[in-house]
Amino acid sequence: MRCEEVQEALPAHVKDGSDSLTVRRHLARCPDCKAELARYESLMGGLRILQTTSVPVPPGLFDRLLEIPARSSRLDSARDHVVRHRKVYVGGGIAVALAGAAGAALWRSKVRHPATA
Amino acid sequence: MKRQKATGDRAERELVSSDLIERCKDGDEQAWKELVEATHRDVYTLCLRILGNPADAQEATQDVFLKVWRNLSSFRGEAMFSTWLYRVASNTAISKHRKRKRQRVNESGVDDEVLAQIPSPGSVESAAGAKVEVERLEEALALLPEGLREAVVLRDVYGLNIAEIAAEQKISETAAKVRVHRGRKKLKEIMFPEKPGTETEERT
Ligand SMILES: [Zn+2]
């Protein structure tokens, strides 16, 4: 088995223990591939550790998440308003869609936050 | 960069009690505050890992919690809340990608220019076998092409299986497997760049 083929098999080998005897035999006598194995092992180990860590949350995000119930009901009532009055508008479906878009735009405008980009 | 330790394994922890969820369904804003407090770090972190930049991750996090608030009544409690939440979050983040991708061309992979931005570690010999630094790993993930990043993050960080990833990415299982594999290789190249001039012949 050539080094290239062995190294191609290494990620799955490390992750799923898909152990082939040929791969193991090659690793036992090839320092290059063994070094490559060590790299994948520390990489996969690192990725597993990420699962139990979180990154710092940008300031202000928490507060904006707390506003969601209030803002959401405001958007809903805006939409309800349009739905209730849809017969007044020409083409109710379009009006509702527009209200949705307007709501989304309103949402976005408050959401954007160039300071943290 | 300061990091917080989260509470444990995704599959084994429940971040919020069913009582808290019931109170949120009733519109209790104090309960909502507790729910957000308990979960927003993990959601933001997942969004950041999938999207690769803080601005998009913030936007996605807000979309996630808006969806949670609106759809909480349909959450019946037979699934774990955290599983449901992670699903909403990865869905939201991935569809944000897809929306943006239509406007951009970005599938070529990691080129040398991108690799050059990464601070070079010590020698490969000393780096391999040593524990990889989580901060560097987050940075390296952010440099992967979107599709590969999503696949690796879902598979190797959050432990989804290939079928689940294929469903999330709306691709075949074979394609998902390929993405995971290519993503791991790219990530390895970023984390352990070959020193110029030391490439072995079989690794051209
Ligand atoms: Zn070899």
* Asked: Under 3.5 Å, side chain of B/Trp32 to main-chain N/O of A/Glu67, donor-acceptor pair present?
  -> no
* Structure fact -> Correct closest heavy-atom pair for A/Ile68 and B/Gln62 would be CD1-O, 3.8 Å
* **CA sep, side-chain torsions, deciding dist, call: B/Lys33, A/Leu65, side-chain contact (heavy atoms from CB on, under 4.5 Å)** => CA-CA 8 Å; B/Lys33 187 176 179 180; A/Leu65 297 175; over 6 Å; no
* **Worked verdict on B/Glu37 versus A/Phe62 for side-chain contact (heavy atoms from CB on, under 4.5 Å)** => CA-CA 8 Å; B/Glu37 170 56 37; A/Phe62 180 67; 3.6 Å; yes
* Asked: Nearest 0.5 Å, what's the CD-NZ distance between A/Gln7 and B/Lys188?
  -> 6.5 Å
* **Top contributor to chain B interface from A/Gly45, A/Gly46, A/Pro69 [non-hydrogen pairs under 4.5 Å]** => A/Pro69
* Between A/Leu43 and B/Met191, what is the shortest heavy-atom contact and its length? -> CD1-CG, 3.9 Å
* Asked: Looking only at heavy atoms, which two atoms of A/Ala70 and B/Glu29 are closest? And how far apart?
  -> N-OE2, 4.3 Å
* Salt-bridge test for B/Asp156 and A/Arg48: reply yes if a basic N is under 4.0 Å from a carboxylate O, no otherwise. => no
* Given that the side chain runs from C-beta out, which part of B/Asn53 has a heavy atom under 4.5 Å from chain A: side chain, backbone, both or neither? -> neither
* To do: With rounding to the nearest 0.5 Å, note down the distance linking CD in A/Gln51 to CG in B/Leu46.
  => 10.0 Å
* Structure fact -> Cut-off 4.5 Å, heavy atoms of chain A, and the answer for B/Val152 is side chain
* Structure fact -> One should read off an interatomic distance between B/Glu59 CD and A/Leu61 CG, to the nearest 0.5 angstrom, of 11.5 Å
* Asked: Do you know which two heavy atoms are closest between A/Pro56 and B/Tyr44, and how far apart they sit?
  -> O-CE2, 3.6 Å
* Side chain, backbone, both or neither: which part of B/Leu141 has a heavy atom under 4.5 Å from chain A? -> side chain
* To do: Using atom types as modelled and distance alone, determine if a side-chain donor or acceptor of A/Ser54 lies under 3.5 Å from a backbone N or O of B/Arg41.
  => no
* To do: Determine whether B/Leu187 and A/Leu47 make a side-chain contact, defined as any pair of heavy atoms from C-beta on separated by less than 4.5 Å.
  => yes
* Asked: Does NZ in B/Lys25 sit with more than 12 non-hydrogen atoms of other residues, nucleotides or ligands closer than 6.0 Å?
  -> yes
* **Within-4.5 Å side-chain heavy-atom neighbours: A/Val14 and B/Arg184** => no
* Contact class of B/Lys185 relative to chain A, heavy atoms under 4.5 angstrom -> both
* Please examine the side chains of B/Phe192 and A/Glu36, heavy atoms only from C-beta on, and report whether any two atoms are closer than 4.5 Å. => no
